[in-house]
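Have a look at the structure below before the remarks.
Below, all heavy atoms of this structure are taken into account, side chains as well, without hydrogens, waters or symmetry copies. Along the sequence shown, the residues carry numbers beginning at 1. Keep in mind that this is a model prediction, so the values were computed, not measured.
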Amino acid sequence: ENVNLYVTDEIISTELVAVSQEFKQERMSTIKAILKGENKIIVTHVLAALKTNINKKSFQNYTISFKKDKIIDVKKVIEKLIYMGYEKVPTTTKLGEFSVRGEVIDIYPSCMETPIRINLFDDEIEKIREYDYQTQRGGKEIKEIEIGSPRAFQNPKKLFHFGDEE
């Protein structure tokens with residue numbers, strides 16, 4: 001719980017590339033912990049430590065949070081997801097995609113193994129849960145989730161810095 005692993009794709013061996021999604025999740029978790037000022041032990045490699053990282057303001061601009069019973073503006077959520085680099089599609093099947101059908105928002109977050117479905121009652125979040133995109137069957141219910149940009153680790157210059165900025 002107090003230890004995070006922070007690696008870069010470049011130092012992951014070929015045997016582990018298949019699970020790089022887990023590493024993306026762990027990197028996002030590590031960055032969140034650092035930016036929130038949590039006391040953590042971070043296990044890393046010198047190349048990962050030297051790699052440019054996202055600054056706090058950009059990280060906040062490129063994340064979106066959802067919480068059960070929260071009121072949202074669907075139009076603003078769509079705009080924010082597109083701004084963050086998600087692609088709006090009719091049916092969500094791949095990482096970095098989202099779709100909106102009536103009072104249902106499906107998002108396949110870049111650092112999750114499964115997509116999430118947000119069920120609304122008018123503009124209030126009624127339920128958030130994981131689901132299987134192939135069967136459309138619901139999975140584990142989630143009370144709150146913070147989603148990062150699918151571009152967070154593609155190193156766009158405007159998102160990253162060399163550690164001297166806040």
By the definition side chain to side chain contact (heavy atoms under 4.5 Å, CB included), identify the one residue from Val74, Ile71, Asp73 that meets it with Asp123. Ile71
Could you tell me the separation between the CG atom of Asn119 and the NZ atom of Lys68, rounded to the nearest 0.5 Å? 11.0 Å
Between Tyr133 and Tyr108, what is the ring plane arrangement, given parallel below 30°, perpendicular above 60°, and tilted in between? tilted
May I ask whether Val77 and Leu120 are part of the same hydrophobic cluster, defined by side-chain heavy atoms of I, L, V, M, F, W, Y residues being less than 4.5 angstrom apart, directly or through others? yes
Just how far is it from atom OG1 of Thr114 to atom NZ of Lys140, taken to the nearest 0.5 Å? 8.0 Å
Return the minimal non-hydrogen interatomic distance between Met84 and Ser149, and the atom names on each side. O-OG, 2.5 Å
Side chains of Ile107 and Leu81: closer than 4.5 Å at any heavy-atom pair? yes
Quick one: does any side-chain atom of Glu97 pair with a main-chain N or O of Lys94 as donor and acceptor, under 3.5 Å? yes
Polar side chain donor-acceptor pair, Thr91 to Ser99, under 3.5 angstrom: no
Any chance you could measure Phe66, atom CZ, to Ile142, atom CD1, to the nearest 0.5 Å? 11.5 Å
Report yes if some heavy atom in the side chain of Pro109 is under 4.5 Å from a heavy atom in the side chain of Tyr86; otherwise report no. yes
Just how far is it from atom NZ of Lys127 to atom CD of Glu141, taken to the nearest 0.5 Å? 5.5 Å
Non-neighbouring partners of Thr63 that pass side-chain hydrogen bond (donor to acceptor under 3.5 Å, both in side chains), sequence neighbours left out: none
Please report the shortest heavy-atom distance between Ile64 and Lys80, naming the atom on each side. CD1-CG, 3.7 Å
For the atom pair CG (Asp69) and CZ (Phe121), what is the distance rounded to the nearest 0.5 Å? 12.0 Å
Can you measure from CD (Glu130) to CD1 (Ile145) and round to the nearest 0.5 angstrom? 7.5 Å
Taking 4.0 angstrom as the limit, do Arg117 and Asp106 come out as a salt bridge? yes
Heavy atoms, side chains only, cut-off 4.5 Å: are Ile116 and Ile105 in contact? no
Phe98 side chain reached by Ile78 side chain, heavy atoms, under 4.5 Å: yes
